[in-house]
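I have placed the structure first, in the form of structure tokens, so that the comments after it can refer back to it.
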Amino acid sequence: MSKDEGHLRQVVSYFFMLGCIAFGGPAAHVALMHRELVERKQWLTEQQFVDLWAATNLIPGPNSTEMAIHISAVRAGWRGLIGGGIAFILPAALMVTALAWSYTQFGHLPQASWILYGVKPVVIAIVVHALFGLLRTAWRSIPLAALGMGAGAIALLGVNELLVLFGCGILAGVIVSAKGHLPSMPGKASLVALPLASLGTVTPLSKPLLGLAGGLLAPIAAPFGLGQLFFTFLKIGAVLYGSGYVLLAFLHGDFVEGLGWLSEDQLLDAVAVGQLTPGPLFTTASFVGYLTGYESFGTAQGALLASALATVGIFLPSFLFVAAINPWIPKLRDSQFFGAVLDGVVSAAIGLMGAVAIFLGQAALVDIPTVAAAGIAFALLWFTKINSIWLIVGGAVFGVVVQLALPYVMP
């Protein structure tokens with residue numbers, strides 16, 4: 001087996017496994033990647049990792065999925081880009097599709113609240129531990145640390161995260177220019193970097209404009225069609241920045257108000273499925289595709305085809321965006337000006353990750369058992385090289401044990 005084939009198997013194997021256990025959203029997924037691929041496996045340096053994370057924040061789409069695609073491309077080339085990305089998406093897509101089948105047969109979702117009760121504190125510990133590792137590289141100077149802390153504080157006040165990211169990036173570039181360092185980016189790379197920067201700065205500046213654009217692009221109520229389903233999700237994957245709550249808004253505008261293919265309750269159930277399963281939240285598309293396909297065709301075969309088309313549609317833009325910008329990331333780093341912009345975005349991204357950890361912590365650390373679980377998990381991460389998978393599994397077992405013990409503790 002050649003070295004390239006070995007690397008391809010490595011990325012497919014790792015990201016498939018990660019897709020099976022990656023609860024907690026993009027910040028948690030990225031923390032898991034950092035723990036395994038930087039600290040334990042050493043596939044990337046700290047600087048490479050944070051540069052890829054910064055580039056991921058510059059483009060639309062699911063951040064953790066695009067991070068997986070970036071890393072796979074660096075490790076195993078274009079075959080890795082495709083194989084690693086699919087491997088990360090596939091487990092969640094299959095789980096969501098199975099839940100969609102159950103939903104159409106029985107009309108309700110299975111309960112998994114106690115598993116999440118135990119897993120969420122472990123996820124918080126993994127995120128916080130990753131932050132300590134990333135800080136050494138991202139905040140390597142006082143100005144960068146100040147930018148990062150300011151970004152986190154502003155995010156906690158509710159300012160749009162993209163405005164924060166690009167604002168910090170541009171400010172870092174301006175600081176470099178003020179010191180007399182002129183941009184040295186090659187012309188072709190500038191053609192890539194500048195549209196990316198303008199795309200990011202224009203998009204978050206005005207939510208009303210984004211809503212207007214979404215409204216103009218929203219489909220008009222029509223009978224169900226596979227082509228309409230695919231292109232609606234393709235549009236969402238190509239223009240969506242932000243969290244799962246932004247995805248909820250797009251799905252509501254397109255499938256509830258626009259096409260009328262989903263009810264409000266069905267949409268909430270679809271998003272709940274995305275939250276209950278590991279991997280990227282964008283696999284909510286798999287559920288929506290299956291449900292709308294089943295209601296139209298009345299068969300599992302037709303529903304499976306619709307689910308597959310919806311999944312491909314929403315994730316395809318991520319593969320194309322990453323393929324377009326991944327080769328240019330080292331060139332951006334080599335430029336003084338764009339390297340400074342990248343540093344600013346990286347610093348802000350770490351600050352935003354810290355803000356996310358605070359929000360997640362408020363939801364996850366709800367009592368003494370969850371605080372204790374997070375503390376134990378953090379101690380194991382700090383003092384050992386334990387694989388994060390076992391911590392996730394341990395958290396799930398902990399949640400089930402608490403559920404079983406609760407009637408005896410509080411009769």
Side-chain angles (χ1 to χ4, degrees), residues 17-40 46 49 53 63-64 67 92 111-136 138-139 148-149 151-153 155-156 161 243-245 272 274-281 349-406 408-410:
M17 173 276 300
L18 183 64
C20 292
I21 58 98
F23 288 95
H29 302 169
V30 171
L32 286 165
M33 293 177 202
H34 179 267
R35 169 72 173 175
E36 295 302 312
L37 304 184
V38 176
E39 295 182 3
R40 296 185 74 247
E46 289 276 2
F49 188 88
W53 179 231
N63 285 354
S64 56
M67 190 68 173
Q111 297 297 316
S113 58
W114 283 99
I115 292 177
L116 294 179
Y117 169 87
V119 168
K120 286 180 178 179
V122 173
V123 167
I124 295 301
I126 293 171
V127 172
V128 173
H129 181 264
L131 282 171
F132 278 100
L134 293 169
L135 287 178
R136 293 191 298 268
W139 294 3
M149 288 186 285
L156 288 173
E161 64 267 21
S243 67
Y245 297 107
Q275 297 282 1
L276 288 173
T277 51
L281 181 63
I350 302 304
L352 293 178
M353 195 172 173
V356 169
I358 292 174
F359 286 127
L360 292 176
Q362 292 174 339
L365 307 179
V366 294
D367 51 27
I368 293 176
T370 52
V371 172
I376 293 170
F378 185 83
L380 289 171
L381 288 166
W382 190 268
F383 293 109
T384 74
K385 292 189 177 294
I386 187 172
N387 193 314
S388 303
I389 297 172
W390 299 116
L391 294 177
I392 297 289
V393 172
V397 172
F398 167 76
V400 173
V401 169
V402 171
Q403 179 188 25
L404 295 175
L406 200 59
Y408 300 98
V409 177
M410 300 179 61

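Since we're looking at a predicted model, the values are computed, not measured.
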Nearest heavy-atom pair of V30 and M67: which atoms, and what distance? CG2-CG, 4.4 Å
I need the minimum non-hydrogen distance between P278 and C20, along with the two atoms involved. CG-O, 3.2 Å
Per the side chain to side chain contact (heavy atoms under 4.5 Å, CB included) rule, which among V38, L37, L32 passes with H34? V38
Between T370 and V366 the two heavy atoms that sit nearest each other are OG1-N, 3.0 Å
If the plane angle is over 60° it's perpendicular, under 30° parallel, otherwise tilted; pick one for W382 and H129. perpendicular
With a 4.5 Å heavy-atom cut-off, do F398 and P369 have their side chains touching? yes
Hey, is the main chain of A22 close enough, under 3.5 Å, to the side chain of H29 for a donor-acceptor pair? yes
Would you call W53 and N63 a side-chain contact if the rule is heavy atoms closer than 4.5 Å? yes
Are any of the side-chain heavy atoms of Y117 and D367 separated by less than 4.5 Å? yes
Distance-minimising heavy-atom pair for M33 and L18: CG-CD2, 3.7 Å
Test item: P121 and L365 side chains (from C-beta on) under 4.5 Å apart, heavy atoms: yes
Can you tell me how far the CG atom of L391 sits from the CG atom of L381, to the nearest 0.5 Å? 5.0 Å
